[in-house]
Protein chains: 2
Amino acid sequence: MHRHEGHDACHAGTGDMLARAEGLCRERGLQFTPLRRDVLEAVAEAGKAQGAYDIAERLSVPGKRVAPVSVYRALDFLMEQGLVHRIASRNAFIPCTHGHAPGEGVIFLICRTCGGVDEASSEEVEGSLGRTLERAGFTPTHSILEVEGDCGACRDRKPAP
Amino acid sequence: MHRHEGHDACHAGTGDMLARAEGLCRERGLQFTPLRRDVLEAVAEAGKAQGAYDIAERLSVPGKRVAPVSVYRALDFLMEQGLVHRIASRNAFIPCTHGHAPGEGVIFLICRTCGGVDEASSEEVEGSLGRTLERAGFTPTHSILEVEGDCGACRDRKPAP
DNA sequence: GGCGGCGGTGATACACTGTAACAAACCCGC
DNA sequence: GCGGGTTTGTTACAGTGTATCACCGCCGCC
């Protein structure tokens, strides 16, 4: 999903993403180093969720190896800043294309065909989940909601298997 | 959670769980082998989510080692039969204490203090999530919803940190 | 009885995911 | 320039999960 051309109004391009990240780091007095930039770019360009080792390989060139541990550190940083998300069910990472309100829950829509991951949010889901948790006497600190299935583009592409 | 005595009406004991599993396998013409029984028992007795290697260690005795790969196979079987669940955010497994309707979504409530995992379900959440997905043009096949926080018992135990 | 298939298990090896620990490089203010 | 914090490189290792092959036990069949 999102790889069909002519439909990119729903997320900023890689360039915009990098510019946004740089501005955000400057605002917060943090360093947007070359490694962090490269990792974010690799995640943003991939079009699907990337494992840390995929990113490390993608960033490595014959003379210059990027170790997975460096990628993990960059990803930790980028996640703290809300620039990338981790997909727990895949052990993989995607760029944040959504611009979230603070504390807002995110729903990840993972296409099993194209591997793309879209973000959604819903106050309705948020609200009903909150009520359910309260009824259960549970105080949430963090929640993950990941849905696997077929995105619209892939469903249209092969309508009747 | 669930480890406070005097409050176990909310889930069946380990014995009931094993009996239910055996009956269910007989019904379906499947083998409830000793290994599968032991793995299910280990998961059920633990009181919190167990990693596959934890289970392997727990089942190993000086003369008789149970390899993790065997545990994984047993867990795969038990998951297919709906007897255990996998907690993606923890890479760990819990017994199913809930008796789900087929296709029904489950919400996992993971206590960050005691490590216990409770199951909940909510038609309200289910419905609002379904509407959100439809609005996004996404056809779901499977979804995971895991919430981390403090369960009631742990919150009561230390009211003002 | 013998034979072959089939599912389950054991065992080894390996790939993937993630973290700990320490050293070196870098940056920035003083 | 110097000291201190942050970032990165490097190595090693722990944890998670899968592939492969051999073996066993069982059941049906000839």
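The chains referred to below are lettered A, B, ... by the order of the sequence lines, with proteins before strands, and numbering in each begins at 1.
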Return yes if a side-chain donor-acceptor contact under 3.5 Å exists between B/T139 and A/D150, otherwise no.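 No pair is found: no donor N or O on one side chain lies under 3.5 Å from an acceptor on the other.
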For residues B/E45 and B/T14, is any side-chain donor paired with an opposing acceptor at under 3.5 Å?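 Short answer, no.
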Output the residues of residues 22-37 of chain A in contact with DNA chain D, where contact means a heavy atom of the residue under 4.0 Å from an atom of the strand; sort by number or write none.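 By residue number: A/Q31, A/T33, A/L35, A/R36.
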Does anyone know the first and last nucleotide of DNA chain C in reach of chain B, 5' to 3', at under 4.0 angstrom to a heavy atom?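 Counting from the 5' end, contacts occupy C/dG7 to C/dT12.
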Write out all pairs satisfying salt bridge (charged side-chain N to carboxylate O under 4.0 Å, His left out) with one or both partners inside residues 55-73 of chain A, taking only residues at least two apart or from two chains.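 Output for this query is empty, none listed.
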Mark yes or no for whether A/S122, through its side chain, and B/T132, through its backbone, hold a donor-acceptor pair below 3.5 Å.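 Answer holds: no.
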Output one letter per nucleotide in nucleotides 17-24 of chain D: B when a protein non-hydrogen atom lies under 4.0 Å from the base, S when only the sugar-phosphate is that close, - when neither is. BBBB----
Atom pair distance, as rounded to whole Å: CG in A/L75 and C1' in D/dT7: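 Computing the A/L75:CG to D/dT7:C1' distance gives 15 Å.
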Check this for me, if you would: do A/R90 and A/E148 make a salt bridge, where the nitrogen-to-carboxylate-oxygen distance has to be below 4.0 angstrom?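 Yes, charged N to carboxylate O under 4.0 Å.
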Please determine if B/R86 and B/E146 form a salt bridge, counting it only when a charged side-chain N lies under 4.0 Å from a carboxylate O.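 Looking at B/E146 together with B/R86, the answer is no, because their closest N to O distance does not fall below 4.0 Å.
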Which Ile, Leu, Val, Met, Phe, Trp or Tyr residues join B/I144 in one cluster when any pair of side-chain heavy atoms under 4.5 Å counts as a link?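 Under the 4.5 Å side-chain rule, B/I144 groups with nothing.
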Fellow cluster residues of B/Y72, listed by chain then number, with links counted only when side-chain atoms sit under 4.5 Å apart: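 ILVMFWY cluster around B/Y72 also holds B/Y53.
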Phosphate oxygens OP1/OP2 of D/dT8: is one of them under 4.0 Å from a side-chain N or O of A/S70?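 Negative; the distance criterion is not met.
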With heavy-atom distances below 4.5 Å as the criterion, would you say the side chains of A/L75 and A/I55 are in contact?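 Yes. Closest side-chain heavy atoms under 4.5 Å.
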Determine whether the aromatic ring centres of residues B/H85 and B/F108 are separated by less than 6.0 angstrom.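 Judged by ring-centre distance (under 6.0 Å), B/F108 and B/H85 do meet the cut-off.
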